[in-house]
Each structure stands twice: as C-alpha cells, then as structure tokens.
Amino acid sequence: MYTIATIYSAVRHERIQIADPQLEIVDLAYDTRKIRNGGHSLFFALKNVRDGHLFLQDAYQKGVRAFVVSQQQIDTSSFPEANFIWVHDVLHAMQELARFHRLQFRKPVIGITGSNGKTVVKEWLTQLLQKDKRVYQSPKSYNSQLGVALALWNLSNDYDIALIEAGISLPGEMSLLENMIIPDVGIFTNIGAAHASGFSSKQQKLEEKLLLFKRSKQVIFPSRYNIGAFLPKMVAHFSFGSEDHDEVRILRLEDHGRLDTRMQIAYRNEIATFTIPFRDKASIENILICLSALLFFGYSLDAIAHKLAQLRPLDMRLQLKTGKNGCSIIDDTYSNDLASLQIALDFLFQQQQHRRKTLILSDMEGLDDKLRQKLVQLLQKQQLDRVILVGAGLSFLLDQLSGAVELFASTEALLLALQSMRFQDESILIKGGRVFHLEDVSKHLVAKSHETVLEINLNALEHNLQIYRAKLPQEVKLMVMVKAFSYGSGSYEVANLLQYNKVDYLTVAFADEGVELRQHGIELPIMVLSPDEQIFESLLAHRLEPELYSFRVLQAFIHFLKRRKVANYPVHIKIDTGMHRLGFMPSEIEELISILRDSVEIVPVSVLSHLVASGNSQHDAFTQQQIAVFDQCADTLEQRLGVKPLRHIANTSGIVRWPEAYMDMVRLGIGLYGVDMSNALDLEMVSVLKTTITQVKRLPAGETVGYDRKGVLHRDSRIATVKIGYADGYNRRFGQGVGTMSINGQLVHTVGSICMDMCMLDVTDVIANEGDEVVVFPDVMKAASAIDTIPYELLVNISSRVKRVYFYG
Ligand SMILES: *Cc1c(COP(=O)(O)O)cnc(C)c1O
C-alpha cells in the first residue's frame with residue numbers, strides 16, 4: 001500500500017493535481033467493470049479497446065479518486081477531490097510503478113519465458129514448491145506488458161519466492177518486461193514457431209527473449225537450443241539435456257506402461273530414475289524444466305521423484321457451466337491462490353445472468369497471518385451473498401465476512417450437506433486447490449442434461465473489437481452489426497459489451513431486435529435495416545432509426561411522422577451502388593433530394609451503401625466503382641440539401657481491404673464474431689458450439705448406423721451418439737462423414753445421416769466416453785466449405801433452442 005504522494009514520486013510525470021497526498025492506494029484499476037474498492041484504487045487511463053480517458057467519469061462514480069492520465073485537457077472541476085497524475089504514457093507509468101514495487105521485494109524472483117509451456121511450468125513449479133515455500137506466481141497467463149505489471153503489483157514480502165511469466169510478440173517488448181521483473185533467476189522453456197510474425201527471424205525472436213535474463217545470476221534452460229552462447233557472460237548456466245556439460249543429464253527416456261514415461265537422470269554424482277504420469281513430448285520437456293529447477297533450488301533427487309509423480313495435466317480455464325435450478329457454475333478447481341482468486345472473482349462479477357453471487361472456496365496452501373489478512377480484505381470488497389468455505393484452516397473468515405457464511409471441514413462434508421442445500425438462480429464460483437477436489441462439488445451442481453450449448457467468449461469479442469478498432473483512424477466511427485441475434489451469438493449480452501466499449505452505433509435487421517435491446521438498457525443509437533410500415537410505431541416508441549431504401553417506405557414514414565406530429569426524426573438513406581438488393585438508385589437521387597428538401601419530419605443522419613465483394617480481389621475494380629458512385633451520390637445529397645450526414649459503406653472485409661472506404665463510419669459484422677474471411681488478422685473465435693456424448697457403442701463391421709442404413713461400417717467400430725441434429729442448426733449435409741467434430745482435441749467424423757435432434761460419430765480411433773464434451777465446429781471456415789456454404793450461414797443457423805452461455809475466458 002502506497003500513498004498517492006509516494007506513487008507520483010515513483011513515476012515520471014509531467015504534472016500533478018493532488019487533493020489528498022495521503023490517499024492510500026491498494027488496487028490498480030484500468031477496467032471500470034472490475035473496480036470493487038474505488039476509494040483505494042488508482043485508475044490508469046490506458047488506451048485499450050477504447051481510450052481509458054472516456055471512462056474517467058465512470059471510475060469516479062465508482063469512488064475512484066486517483067487517476068493516471070495522458071490527455072492534457074481534462075475538466076478536473078467535474079472530479080471534486082480527485083488526484084490526477086499526468087504522464088507521457090499511461091502504460092509505461094503503470095510499469096514504472098510495478099518496477100518500483102518489485103524493488104521492494106527482497107526474495108528471489110524467477111522470470112520464466114519461452115514460446116510454449118511457460119504457463120504450465122509456472123503452475124507446476126508453484127505446486128511443487130508450495131508445500132515448503134510461500135510461492136507467489138503471476139496469475140493465469142498474465143504475461144503481457146499490462147499483465148506483468150498487474151502481476152507484480154500483488155507481490156509482497158509475505159512470499160518466499162515469486163514466479164513471473166513473461167511473453168512477447170514484438171521486438172522491443174522484452175526489455176520493458178525485464179525492467180519490471182528484474183529476475184534473479186531465469187527459466188527458458190523453448191523456442192517454437194508461435195508468434196513468429198512480429199520477428200524477422202527465429203534468431204531475432206530468440207535473442208529478444210533472452211533479454212529477460214540480462215541481469216539474472218543464473219538461467220535454467222534445455223541445452224538443445226544452444227542458447228548459452230547468446231547469454232550475457234555474467235550469467236551462469238544451468239542446462240539440462242544429453243550433452244556432457246549439462247548440469248542435469250538425461251540418460252534415458254522411455255515409455256513405461258500405457259500412460260507413463262520413465263526417465264533416468266544424472267546429476268552431480270548421482271543417478272536416479274523417475275516415473276512420470278505423462279507420455280507427450282511437451283509435458284516431458286516441461287517436467288524436465290521443473291526437475292532442473294528443483295535441483296537448482298537444492299531439492300534431493302528422492303524428494304523430487306516423489307513430487308513429480310503427483311503432477312497432473314492442467315486445465316487452467318475458468319469454465320462456465322450450466323447449473324441446476326437456473327444457476328451458472330464457474331468451475332476453477334485446479335489451483336487456489338490469492339491472485340487467481342481475484343481473477344475468478346472478477347469473472348464472477350462480470351456474469352450478468354444472475355444478481356445473486358455465491359463463492360465456494362477451499363483453503364489455500366501457505367496462508368500465514370499476513371496472507372490471511374489479504375484474503376479477508378479481498379473478500380470483504382466483494383458483494384457476495386453467500387460464502388461456503390471448505391477446510392478448517394479458513395475458520396478465521398467466519399466472523400470477518402458479512403452475509404451468509406458456512407464452513408465445512410472437508411470436501412466430503414460439503415458433498416454430504418449439498419443434498420439439503422438450496423441454490424437457485426445464482427452465479428456460483430467454485431474455487432479450490434487441486435487437493436480439495438472441488439470438481440466433485442461442481443459435478444453436483446452442474447445440470448446433468450446432455451445439453452448442447454453455444455459458449456460465447458466475451459473476452460474474445462472484446463479482443464476482436466480491439467483489433468478492428470486499431471485498424472481505424474480515431475475519427476472514423478464504428479457501427480456494429482448485431483443483426484440475426486448478433487450472428488447467432490445472442491443480442492443483449494453482446495450489445496451490452498459493445499455499449500460498454502463505446503462503439504458508436506448498433507444495427508439490427510428487425511425492429512423487434514431493437515426493442516429487445518432497448519428493454520435491456522441499451523442506449524446506443526440503433527439503426528434498423530429494411531423496416532416496413534407495420535413497425536413504424538415501434539420505431540418511434542423505442543427511438544430506433546430506420547434505414548430508408550425506397551420511395552414507398554420514405555413516403556410512408558414521412559406520412560406516419562406527419563400524423564404523429566414528429567419532426568426531425570433521424571433516418572438513414574440507403575443507396576444502391578451495385579448490390580441491387582435495397583436502396584435508391586443513383587438515377588433517383590434528384591427525386592430523393594426534392595422529397596427530403598420538403599420534409600421537416602426526417603433528418604438524414606447518415607447515408608450508406610453496401611459493398612458487394614469487398615473481400616474478393618477479383619472484383620476490386622467493381623468495389624472501386626461502388627465507392628466512387630457512392631461518393632458522388634453522397635456529395636450531391638450534401639451539396640443540394642446543405643446537410644452533412646455520416647457516410648458509410650465498408651463492412652468487415654472493407655475494413656481490412658479498403659481504407660479508402662472508411663469515410664465517416666464503418667460497419668463491422670462477422671469479423672467481430674471471430675471469422676476472418678481475409679485470414680490476415682489474429683482474431684479469436686467468439687462462439688463455440690458444444691454438445692456431449694450421450695451413448696457409446698461397439699458395433700461389428702457390416703452393421704449400419706442411422707436412417708436408411710446410410711452409415712455402413714467397414715470395420716469393427718465404436719460409435720458415439722451426440723445430441724445435436726438439424727433442428728439445432730447442424731445441417732443435414734454434414735452427414736456421411738462430411739462433418740468433423742472434436743472430442744478432447746481429437747478430430748472425428750459423422751457417420752450415417754444427421755437426425756433431427758442427434759447424430760452419430762465414428763470414435764473408433766480416439767479416446768471418447770459417455771459424457772465427454774464435443775466441439776461441433778472445431779474450424780468454422782472448414783466446416784462451411786465442407787458443405788459449400790459460408791461461415792455466416794452456419795453461425796446464424798444455430799437454433800435458438802441451443803442455450804447461449806456467456807463467459808470471460
Ligand atoms: C450484414 C451487413 C454488414 C456487415 O457485413 P459483414 O460482412 O458481416 O461485416 C454491413 N452492412 C450491411 C448493410 C449489412 O447488412
């Protein structure tokens with residue numbers, strides 16, 4: 001905890017305006033949705049998806065009285081009693097503060113980097129060390145410029161060791177991370193092809209990564225990358241591999257039984273044999289890194305053998321599941337420490353579905369008085385309706401928390417009691433260390449229906465939004481298409497996020513969709529595509545703005561407004577420049593002008609057209625022509641009417657391929673949902689359609705599967721039935737092996753015809769059991785082309801009976 005006075009002296013600033021130098025800062029904030037302790041938060045106006053300066057008032061409303069900003073013009077009179085620190089670069093200021101805080105930490109800091117495996121190594125090392133040391137680890141994959149700063153902020157001398165992960169994607173980034181982390185000891189996992197795009201060569205990427213260790217005393221690394229030569233002279237090596245000079249020598253690696261690997265290791269004068277519960281290459285390498293690190297820390301080979309046998313694969317996702325009685329279950333039962341608890345709680349409070357929030361929390365390793373105090377503070381900040389504690393070690397919380405608090409001595413005791421406990425319409429976070437097996441509690445609370453769900457990752461949506469936003473000059477406005485149920489993703493949750501991120505406009509296809517958004521508190525301007533007369537009333541009632549595309553609707557709407565004595569109603573004028581779907585033809589502009597000039601009822605706030613083939617280079621000449629024709633029509637409208645409506649013509653592919661078509665505004669559609677027709681962007685898929693295996697059976701060669709005996713088995717087979725069919729939007733053309741799904745990461749094909757509510761998969765060659773989760777479209781682009789359609793159709797056809805589940809992942 002620092003006072004604001006300490007903080008502004010720790011960061012380079014241009015000027016300050018301080019109301020209370022003694023104000024104590026506990027939390028760093030940059031996302032107003034996550035502010036829980038406003039009065040003691042320092043808000044950084046970062047330029048993220050949207051410029052953080054747009055959120056200053058919002059933060060202020062949440063009690064924040066301390067801001068780090070870069071924008072010169074801020075009307076500080078509307079922030080009474082607030083403290084402002086002006087800096088050149090807000091993110092750098094946060095990093096400087098993180099560095100300042102890091103320098104207060106007097107125990108070893110271990111910096112971990114590499115292309116793959118760094119998160120796994122960090123999590124595993126934490127588990128391995130946790131019994132003997134108080135370990136601080138950067139939470140989840142907080143390894144970016146922002147993530148590392150936030151991770152370091154929570155470090156304190158209550159810990160014995162800190163494991164901090166560093167990830168980069170561009171040259172120049174590692175020096176900034178190194179300057180914050182200043183690792184005493186380094187761990188290098190490996191170098192792979194991932195994220196090579198920002199670098200000119202693999203060598204450049206490697207050298208950049210190694211900058212993390214420029215001040216380290218020692219670096220642990222696999223010798224096969226031969227990185228020793230690139231490390232600064234002062235840095236001592238601790239390598240493992242099969243070379244004579246390796247500190248840890250691998251003598252033998254061999255499969256052992258069905259699932260294990262046996263390894264023989266030489267270290268100093270000892271030779272030891274371990275059995276580890278993994279067979280895959282990546283896990284073995286990660287274990288070798290952990291093993292070397294433990295030897296480096298002075299553990300004996302015997303102690304290590306025992307520890308390694310306990311390791312299990314990691315599933316570090318926060319999983320959002322559909323619970324019984326209308327509950328949502330957030331399952332985060334792999335590890336438990338303060339930092340990851342904080343993230344899980346943020347996630348809990350971002351769930352919009354339920355007002356009631358419940359936390360089920362297990363005891364943590366290594367809690368001493370100080371960490372207990374931190375846990376109390378963390379939990380007191382949350383507005384939890386109910387807290388269920390597992391493990392007698394947490395009894396100190398009983399009289400520290402308001403609301404309903406219960407304590408169970410063990411997971412078994414809680415499981416017994418669950419039978420008579422009631423949960424209804426609430427979001428329940430289950431957070432526990434692995435030894436507590438809270439996944440058993442999760443299983444109890446999760447609805448057993450073998451439901452098909454569409455999981456919608458709102459983080460991914462935000463990520464994609466940021467990618468497109470970054471392509472656009474600041475003055476270009478952004479309209480987002482949320483038509484067709486947001487391309488299948490569900491309207492209101494998506495719109496809510498877009499509103500939070502301050503997009504400029506939303507567009508729906510029908511008035512009903514707009515009405516629903518208004519009813520859920522969406523205040524953004526909304527354009528309605530192709531309206532007709534029946535819905536004029538509802539446009540007016542809900543402030544929805546029609547796109548007018550023909551003289552018939554234009555006249556009808558004006559007539560309607562006249563009767564209702566409404567003037568200056570905002571409308572959008574659609575010009576047909578070649579799509580030949582809806583819109584006024586360029587030849588009709590004169591007539592259009594004469595009507596608009598005589599009508600006080602409407603104001604054209606925008607004029608738009610639609611590109612036919614913005615994503616298709618074959619038709620670039622035509623696109624150019626569309627842009628020219630549109631500009632000409634818009635010029636004429638502007639000059640003759642003396643108005644300046646917004647011009648917009650570019651859709652997603654237009655944003656990527658046609659900067660000259662940005663004009664005043666662009667209309668982002670499918671790209672936001674993660675489908676990149678251009679294949680040039682680093683988008684994340686927003687929605688994942690999932691189902692589960694209902695039954696698995698063995699069938700001999702010669703049997704057939706499904707209607708009309710279409711699925712003939714040519715070999716002895718295992719067939720899995722999943723509950724998704726054409727009524728859910730899984731097209732019948734995916735039958736007979738055309739459809740590909742994924743089970744536990746393994747690809748499988750359909751067999752036989754797709755039924756209305758189910759279909760069958762050939763799982764002969766993979767590990768698949770009843771109850772396993774199945775991803776229906778592991779690759780939407782490939783799936784679409786397999787049945788000769790486009791991803792748009794697959795997404796919007798996912799039936800509304802498929803439940804939508806939203807999460808931040
Ligand atoms: C759907 C739609 C868009 C968005 O198109 P994408 O290719 O999904 O980006 C833009 N403008 C209009 C008029 C649309 O109907």
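Order of listing sets the numbers, starting from 1, for every ligand and every atom in it. FYI, side chains are in, hydrogens and waters are out, and symmetry mates aren't considered; it's all heavy atoms of this structure. Worth saying up front: this structure is predicted, and the values here are computed from it rather than measured.
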Which atom pairs, nitrogen or oxygen on both sides, join ligand 1 and the protein at under 3.5 angstrom?
from, atom 1, to, atom 2, distance (Å)
ligand 1, 7 (O), Asn651, ND2, 3.1
ligand 1, 7 (O), Tyr792, OH, 2.6
ligand 1, 8 (O), Tyr487, OH, 2.6
ligand 1, 8 (O), Ile670, N, 2.8
ligand 1, 9 (O), Thr652, N, 2.8
ligand 1, 9 (O), Thr652, OG1, 2.5
ligand 1, 9 (O), Gly669, N, 3.2
ligand 1, 11 (N), His610, ND1, 3.4
ligand 1, 11 (N), Arg667, NE, 2.8
ligand 1, 11 (N), Arg667, NH2, 3.3
ligand 1, 15 (O), Lys483, NZ, 2.5

NZ of Lys502: more than 12 outside heavy atoms within 6.0 angstrom?
yes
Below 4.5 Å, heavy atoms only, C-beta onward: do Gln736 and His749 meet side chain to side chain?
no
For Ser606, the side chain to side chain donor-acceptor pair (under 3.5 Å) test, sequence neighbours excluded, returns His572, His648
Closest non-hydrogen atom pair between Leu91 and Leu146, with its separation
CD1-CA, 4.1 Å
Can Asn459 and His463 be counted as having a side-chain donor-acceptor contact under 3.5 angstrom?
no
Checking Tyr500 against Thr32: is there a side-chain donor and acceptor pair closer than 3.5 Å?
yes
